[in-house]
> 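Below you will find the structure I want to go over with you.
What you see below is based on every heavy atom in this structure, not just the backbone, and it leaves out hydrogens, waters and symmetry mates. Both counts, for ligands and for their atoms, begin at 1 and track the order of listing.
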Amino acid sequence: METKFCTIEQKAPEAEVIAQAGQIIKDGGLVAFPTETVYGLGGDAFNKESSKKIYAAKGRPSDNPLIVHIAKVEDLEKVAKNIPEEAYILAGAFWPGPLTMVLPKREDVPKETTGGLDTVAVRLPDHPVALPFIEAAGGFVAAPSANASGRPSPTTALHVNEDLEGRIEMILDGGEVGIGVESTIVDLTGDKPMILRPGFVTEEMLLRVLGDVETDQTIMLGSVAGRPKAPGMKYRHYAPKGSLVLLEGSPEKVLQAMQEKLAAASASGKKTGVLCSTEIAPFVKADVVIDVGSRQDEASIARHLYGALRQFDTENVTEIFGESFSREGFGAAVMNRLLKAAGYSVESL
Ligand code: TXA
Ligand code: MG
C-alpha cells in the first residue's frame with residue numbers, strides 16, 4: 001500500500017486534509033497523527049477490523065490493549081460505564097491533556113480494541129490537529145503509539161514513516177510533539193486510583209486533586225519483579241539495537257566512569273554512543289554524543305529521549321552509555337522509559 005504523507009499546519013489545520021484523514025478512519029483505514037505526547041496510529045475504535053489492522057501494522061501482540069481517543073468529555077460515557085466521580089474530577093483537572101483513564105468498558109466497544117479486557121483506556125488529547133481529526137473520524141479513535149512494536153515511540157512524523165511506511169493509509173505531519181513521552185495512565189477500576197504508567201501528569205499532581213493514589217510498584221523494576229497491570233508495560237520497549245548501560249551518580253563520577261568505559265569500548269573496535277546532559281556533554285569523547293538537555297530540565301530530556309534512542313540505531317552505534325537522571329516528579333516518567341530501554345542495566349557510582 002502507498003502511504004500518503006501529508007504536511008498539516010499545526011496552528012490552523014487545513015479542513016480538507018482533516019476531512020480526508022477522518023474519512024480514511026470511517027472507511028476502516030489507518031492514519032498516524034500527532035498528539036501532545038507522541039504520534040498515535042489511529043483506527044475506528046468501534047470497528048474490530050480496524051483494531052486488528054493496527055496490531056498487524058505495528059507487529060504488536062494482540063493482548064496489548066489500545067487507548068480510545070475522544071474529542072469531548074461527554075463522549076466518555078459512550079465507551080465506559082459505571083464511571084466513578086474521580087473520573088470527572090480528573091477530566092476537569094487534566095483533559096484535554098496527557099492523562100489516560102482505565103474504566104469498565106461498554107459492551108459495544110469491541111474486545112479487539114481492548115486486548116480482550118472488560119476495561120477500556122480513554123484519553124482526550126490536547127493537540128490542535130488531533131482534536132479535529134478525532135471529530136472528523138467519528139469521535140472515537142483507537143490509537144497506540146505509531147511505532148513498530150518494540151521501537152521507541154515516534155516524536156516526529158519522520159519517525160512514523162521509518163516504521164510504518166507502506167503499512168498504513170496516511171501520516172499527518174503536524175511537526176514535533178511537545179512532551180515526548182506517552183500519557184500517564186490511571187486505573188479507576190480498583191479500590192483506589194492506581195498509576196499504571198508514569199507520564200507528564202505526575203503522582204503529586206494527581207494527589208492534589210484526588211487525595212489518594214497508588215503507583216503500580218512494578219513500574220521502576222525489571223519485569224522479573226512482578227507483572228505490571230498495564231499489559232503493554234511488560235514488553236521490552238524502546239530498546240536501541242546496541243547495548244545500553246546507565247550510569248548513576250554525580251556528574252563528575254558519571255563523566256569519569258564514562259570516559260573509562262568509552263576508552264575500553266573504542267579500543268575493542270566498538271562504535272560508541274553517549275546520551276547525557278548538557279552539563280557533561282562538552283567533555284565526553286564518543287563517536288556519537290547526544291545532549292538531551294540540562295539535568296534540571298526534565299521537559300527537555302523527555303522531548304529528546306526517543307529521538308536520541310532512534311539516532312543511535314541510525315548511526316549503528318553498538319555500545320551506548322547513558323546518564324541516569326532524577327526520578328522525582330516528571331523524572332519518574334523519563335527514567336521509566338530510559339530504564340526499559342536499558343533493560344534495567346544501571347551502574348551506581
Ligand atoms: O500518550 C499516549 O498515551 C499515546 C498517544 C498516541 O495517545 N498512546 C500510547 O498508546 O502510548 P500505547 O498503545 O503505546 O500504550 C498504551 C498502554 C499500554 O501499555 C497498554 O497495555 C495500556 O496502555 N492499556 C490500554 N488499555 C488498558 C486497559 N484497559 N487496562 C490496562 N492497561 C491498558
Ligand atoms: Mg506504545
> Specify the closest pair of heavy atoms between Ala32 and Val160, including all atoms of both residues, with the distance to one decimal.
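Taking every non-hydrogen atom into account, CB-CG1, 3.6 Å.
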> Give the atom numbers and elements of ligand 1 that come within less than 4.0 Å of a heavy atom of Gly40.
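Near Gly40, meaning under 4.0 Å from one of its heavy atoms, ligand 1 has 6 (C).
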> With heavy atoms only and a cut-off of under 4.0 Å, state how Met194 meets ligand 1: side chain, backbone, both or neither.
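None of Met194 does.
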> Does at least one non-hydrogen atom of Thr114 fall below 4.0 angstrom from an atom of ligand 1?
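Judged by the 4.0 Å heavy-atom criterion, Thr114 does not count as contacting ligand 1.
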> Who gets closest to atom 9 (C) of ligand 1 by heavy atom: Gly42, Ser145, Pro61?
Ser145
> Is Leu131 linked to Val141 within one hydrophobic cluster, defined over Ile, Leu, Val, Met, Phe, Trp and Tyr using a side-chain heavy-atom separation of less than 4.5 Å?
no
> Given Ser183, Gly115, Gly199, which one has a non-hydrogen atom that is nearest to atom 3 (O) of ligand 1?
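The residue whose heavy atom sits nearest atom 3 (O) of ligand 1 is Ser183.
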> Quick check on the hydrophobic clustering: are Ile83 and Phe140 connected, directly or via other members, by side-chain heavy-atom contacts under 4.5 Å?
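Per the 4.5 Å side-chain linkage, Ile83 and Phe140 are co-clustered.
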> Look at Ser145 and state whether any of its N, O or S atoms is less than 2.8 Å from the Mg ion (ligand 2).
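Of the N, O and S atoms in Ser145, at least one lies under 2.8 Å from the Mg ion (ligand 2), which means yes.
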> At a 4.0 Å threshold, what atoms of ligand 1 neighbour a non-hydrogen atom of Pro65?
20 (C), 21 (O), 24 (N), 25 (C), 26 (N), 27 (C), 28 (C), 33 (C)
> For ligand 1, is any non-hydrogen atom under 4.0 Å from Lys105's backbone (N, CA, C, O), its side chain (CB onward), both, or neither?
neither
> Given side-chain hydrogen bond (donor to acceptor under 3.5 Å, both in side chains), test Glu182 with Ser153 step by step and report yes or no.
CA-CA 8 Å; Glu182 305 84 345; Ser153 294; 2.5 Å; yes
> Have a look at Ile67, Val38, Val177 and point out the one with the heavy atom closest to atom 16 (C) of ligand 1.
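Checking each option, the heavy atom nearest atom 16 (C) of ligand 1 is found in Ile67.
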> Please state which part of Ile185 comes within less than 4.0 Å of ligand 1, counting heavy atoms only: side chain, backbone, both or neither.
side chain
> Would you say Ile171 ends up clustered with Phe133 if hydrophobic residues are merged whenever their side chains have heavy atoms under 4.5 Å apart, either directly or through other cluster members?
no
> If we only count N/O pairs under 3.5 Å, is Arg123 in contact with ligand 1?
yes
> Would you name the heavy atoms of Cys276 and Phe325 that are closest together and state the gap between them?
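Scanning both residues, the minimum pair turns out to be C-CZ, 4.3 Å.
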> Tell me the contacting part of Thr119 for ligand 1: side chain, backbone, both, or neither, using a 4.0 Å heavy-atom threshold, strictly below.
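Under 4.0 Å from ligand 1, Thr119 contributes backbone and side-chain atoms.
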> To the closest 0.5 Å, what do you measure between CG (Asp75) and CG (Leu124)?
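If we round to the nearest 0.5 Å, Asp75:CG and Leu124:CG are 8.5 Å apart.
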> I'd like to check which ligand 1 atoms, numbered from 1 as shown, lie under 4.0 Å from a non-hydrogen atom of Asn64.
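So the atoms of ligand 1 that pass are 18 (C), 20 (C), 21 (O).
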> Testing the 3.5 Å rule here: is there a donor-acceptor pair between the side chains of Thr119 and Thr189?
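Their side chains do not contain a donor-acceptor pair, so the 3.5 Å distance test is not met.
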> Within the structure, is a non-hydrogen atom of His69 found at a distance of less than 4.0 Å from ligand 1?
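Yes; His69 lies near enough to ligand 1 that a heavy-atom distance drops under 4.0 Å.
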> Could you tell me, atom by atom, which parts of ligand 1 come under 4.0 Å of a heavy atom of Leu117?
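By the 4.0 Å cutoff, the relevant atoms are 28 (C), 29 (N), 30 (N).
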> For Val129 and Glu9, which heavy atoms make the closest approach, and how far apart are they?
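Answer, listing the atom of Val129 first, then Glu9: CG2-O, 4.3 Å.
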> So for ligand 1, is Arg60 a polar contact partner (N or O within less than 3.5 Å, distance only)?
yes
> For Leu164 versus Ala57, what's the shortest heavy-atom pair and its separation?
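Heavy atoms of Leu164 and Ala57 come nearest at CD2-O, 3.4 Å.
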